[in-house]
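Lettering follows sequence order; numbering is per chain, from 1.
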Amino acid sequence: MRKKAEGQSTANNHSARVAAACRLIERAESAPPLGRLAAIAGLSPYHFHRVFKSFTGMTPREYAAAHRAKRMRSALRSGKSVTEAVMSAGYGSGSRFYEKSTEHLGMTPTQFRNGGDQATIRFAIGQCSLGAILVAQSDKGICAILMGDDADELARDLQERFPQATLVGGDRKFERLVAQVVGFVEAPRMGLDLPLDIRGTAFQQRVWKALQKIPAGTTASYAEIAKRIGSTSSTRAVAGACAANAIAVAIPCHRVVRTDGGLSGYRWGVERKRALLESEAAE
DNA sequence: GGTTCTCTGCCGC
DNA sequence: GCGGCAGAGAACC
């Protein structure tokens, strides 16, 4: 009994320290260095870092970055100019923010302010051994690879994923790109040497990054991915992020299976998942 | 391009 | 539970 109470109080202590660090990060003009956060929490930088991550699922640096991006977004939404928003979010200089803006907002600040992504997305639909395949590209790179049984369904899916975008059918030059992607889907081991335009929340991005590290021909469980991104208890959220993935095969969510080896689900049909895994294992 | 800070796996207490 | 080192990596100037 006594032991339990002690364990409880340690946990409470930690959550209070982590919460205090979060508030500090939120209030600070620029991200406080790790050493200062740790000193305030009364822990060594090493240990504090681990405690923080185990509670929040992200490192203090990531937390600060996510919070800045959030401030940036709300400042832009409230109608401030891009420059004002950059400053009020605590980015030291405009130029520094611009370098990373695509990462934070998924688009340039001006595009964001103009009501989301109205950029043009070009797409084309082709056929591969797994059925119909849609490849879409923004000016940043491939933003969607979708698979399905019929072309209309895929086009609707694309429109739903990018409701603000202007979708245009691809020209002949674009067909070559589709052919390249189809070739990649048939033989994923070759790799896809094209830039990707990956859009999602910070958490989704972390999951997708982890997925890209799973080598072809192997699999990982949802729990393993959760562990790799340092968020052991987020197994279900990992599954959610996999399901939200818009870039099939290039972000290999098909390589994530249940802990017992069962295939679990696949956004584009379990049969396609099975086929992909079998062909990768055979290569 | 060098420096400084961050992050993580591993080990010791 | 906590601290610390080593080494890789990212951010910064």
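By the side-chain contact (heavy atoms from CB on, under 4.5 Å) test, A/Glu84 is found to be paired with A/Lys80, A/Ser81, residues two or more places apart in sequence or in another chain being considered.
Between the NZ atom of A/Lys209 and the C1' atom of C/dG9 there is a distance of 10 Å, given to the nearest Å. Spacing between atom CZ of A/Phe52 and atom C1' of C/dG1 amounts to 19 Å, rounded to whole angstrom units.
At a threshold of 4.0 Å, the pair A/Arg71-A/Glu26 does not count as salt-bridged, since none of the basic side-chain nitrogens sits closer than that to a carboxylate oxygen. Using a 4.0 Å cut-off between charged nitrogen and carboxylate oxygen, A/Glu153 and A/Arg156 do not count as a salt-bridge pair. We find that A/Glu224 and A/Lys227 are not joined by a salt bridge, their nearest charged nitrogen and carboxylate oxygen being 4.0 Å or further apart.
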Reading nucleotides 7-12 of chain B from 5' to 3' and marking B where a protein heavy atom lies under 4.0 Å of the base, S where only the sugar-phosphate is that close, and - otherwise, the string is SBBB--
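For the pair A/Arg122 (side chain) and A/Leu167 (backbone), a donor-acceptor distance under 3.5 Å is absent.
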